[in-house]
Amino acid sequence: MVTPGNTVVALPGIMTTSDLSGYQARVQAPTYVRYRGLDIYSMAPPSSSGSTVGEALNILSGYDLSAEPRATALFHYLEASRLAYADRNAYVGDPRYVSVPLSGLLSPAFAATRRCLIGNQALVSPLAPGHPYPPYQGCQTQAAPQATSSEGLHTNNIVTTDKWGNIVAYTNTINFFGGSGETVPGYGFLLNNEMTDFDFAPSSPGAYDPNLPAGGKQPRSSMGPVIALRDGTPVFSVGAAGGSTIITTILQIILNHVDFGMSLPAALAAPRVSQTNSATSLAEPAFYNSALAQQLTSQFGEKFTESTGRYSPLITTRATRRRCSSSVAGATKPSPNPSASAAAAHSW
């Protein structure tokens, strides 16, 4: 779409008004795992965050991170992320077009077969995926490594709560900075370029890839707003921007808050590092230059690349925490519309 009178040469598109009128937003059940007594709900495929964060949390549930030296705990975090991303790239796509083994990816039994691959030294990426189908085979990988997909960074996350304790976690995106760079004439909003979230070729000729493009298919994303409940009461919610690093950002914030005892603001502000089944982990400057990073390299063989530039993918998050005290008694009051309460807390 080009504003009348514009001299920019534009390639004709193939989208029609019938494509727009035929689009329907689908309401899906969220992903679910239990971690340290919390019920963790997130976004289901074709988003990959709920399954990947959930798998990583299941892997990490086998370690007492709060009792470990911080470098050891972060080593376990990086390796759990590496393994979960290998499975993400191999299995997650639009479930209307490919079979996504979601129950296997979120199974604690499957996580155990991935956890046992973690030793005392960093694994070498790209790793091959596991086999998330029962009966789960211990400490085995299969097939060939999957290519890591890239995603844009122009994403927002909004978290809000009301006096009845309902929580909405909402992530929206137009992908790259400025999306497609095209504004709809007369309406003033930018078009996205989410098609770039597809893998336009498999990792090797003939290899299976669940994220290849097809007509009507949605590309895999990493959006992953999380709502955490304890005994049915919302405790906190978190979401992030950052393309494929959304997943590790959310995961690291959960660990900072739940395992390391940081306040939620401190958990968000802590320097971040992201491992996406890549040869090196992407680290914020404050982490890259830290003593912890040096220890992770010297003791565990981890490798890091510094994230630089104005639009670092690791910098933007949003979160809220319910203050379950007498000053906010409404946090535990029933909603005047129980069905709306359940929808707000459990699906988006």
Side-chain angles (χ1 to χ4, degrees), residues 29-44 49-70 72-77 79-81 83-84 102-116 118 159 161 164-169 224-240 247-268 270 317-326 328-335 338 341-348:
T31 60
Y32 168 77
V33 296
R34 188 162 177 82
Y35 184 73
R36 315 294 195 211
L38 294 170
D39 297 313
I40 306 291
Y41 294 91
S42 191
M43 194 170 175
S49 187
S51 61
T52 310
V53 169
E55 180 183 344
L57 289 174
N58 282 338
I59 293 172
L60 292 169
S61 68
Y63 302 105
D64 187 357
L65 299 183
S66 64
E68 292 179 344
R70 186 58 55 88
T72 302
L74 289 173
F75 165 68
H76 287 146
Y77 151 71
E79 297 308 299
S81 298
L83 289 160
L102 186 59
S103 61
L105 293 171
L106 294 176
S107 167
F110 172 63
T113 71
R114 304 299 272 158
R115 186 188 309 118
C116 64
I118 301 174
V159 177
T161 182
W164 295 288
N166 300 314
I167 292 178
V168 172
V226 164
I227 295 178
L229 293 86
R230 190 185 300 276
D231 300 326
T233 299
V235 178
F236 66 87
S237 179
V238 64
I247 294 168
T248 50
T249 293
I250 291 171
L251 179 59
Q252 194 167 7
I253 291 169
I254 292 173
L255 301 184
N256 286 344
H257 187 51
V258 175
D259 289 286
F260 304 152
M262 296 183 190
S263 68
L264 203 51
L268 268 68
T317 56
R318 294 291 184 273
T320 189
R321 178 176 176 84
R322 289 302 304 180
R323 293 173 296 148
C324 297
S325 66
S326 58
V328 283
T332 57
K333 283 185 179 179
S335 166
S341 176
H346 296 266
S347 65
W348 36 89

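Both backbone and side-chain heavy atoms feed into the values below; hydrogens, waters and symmetry mates do not.
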Are the side chains of [Y] and [X] in contact, using a 4.5 Å heavy-atom criterion?
X	Y	value
Pro234	Thr161	no
Val53	Ser42	no
Leu251	Ser81	yes
Val159	Val238	no
Pro225	Met43	yes
Tyr32	Leu106	no

[X] side, atom [atom1]; [Y] side, atom [atom2] - distance, nearest 0.5 Å:
X	Y	atom1	atom2	result
Phe260	Leu65	CZ	CG	5.5 Å
Tyr41	Ile167	OH	CD1	12.5 Å
Ile253	Leu268	CD1	CG	4.0 Å
His76	Arg115	NE2	CZ	10.0 Å
Ile254	Thr249	CD1	OG1	11.0 Å
Glu79	Leu74	CD	CG	11.5 Å

Test: salt bridge (charged side-chain N to carboxylate O under 4.0 Å, His left out). Region: residues 258-268. Which pairs qualify, not counting sequence neighbours?
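Only Arg36-Asp259 qualify under salt bridge (charged side-chain N to carboxylate O under 4.0 Å, His left out).
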With Asp231 via side-chain hydrogen bond (donor to acceptor under 3.5 Å, both in side chains) - residues at least two apart:
none
Under the side-chain hydrogen bond (donor to acceptor under 3.5 Å, both in side chains) rule, collect the residues that match up with Ser66, sequence neighbours excluded.
Asp64
I'd like to know if the side chain of [X] reaches the main chain of [Y], judged simply by a donor and an acceptor atom lying under 3.5 Å from each other, with no hydrogens or angles considered.
X	Y	answer
His257	Met262	yes
Ser237	Ala169	no
Ser107	Ser103	no

For Arg34, all residues meeting salt bridge (Lys or Arg N to Asp or Glu O under 4.0 Å), sequence neighbours excluded:
Asp39
I need the full list of side-chain hydrogen bond (donor to acceptor under 3.5 Å, both in side chains) pairs touching residues 50-63, with sequence neighbours left out, sorted by first then second residue.
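Not a single pair qualifies under side-chain hydrogen bond (donor to acceptor under 3.5 Å, both in side chains).
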Partners passing side-chain contact (heavy atoms from CB on, under 4.5 Å) against Leu38 (at least two apart in sequence or in another chain):
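Once residues adjacent in sequence are excluded, the partners of Leu38 under the side-chain contact (heavy atoms from CB on, under 4.5 Å) criterion are Ile40, Arg230, Val235, Phe236, Val258.
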For residues Ala80 and Ile118, report the shortest heavy-atom separation together with the two atoms involved.
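Looking at all heavy atoms of both residues, the closest pair is N-CD1, 4.1 Å.
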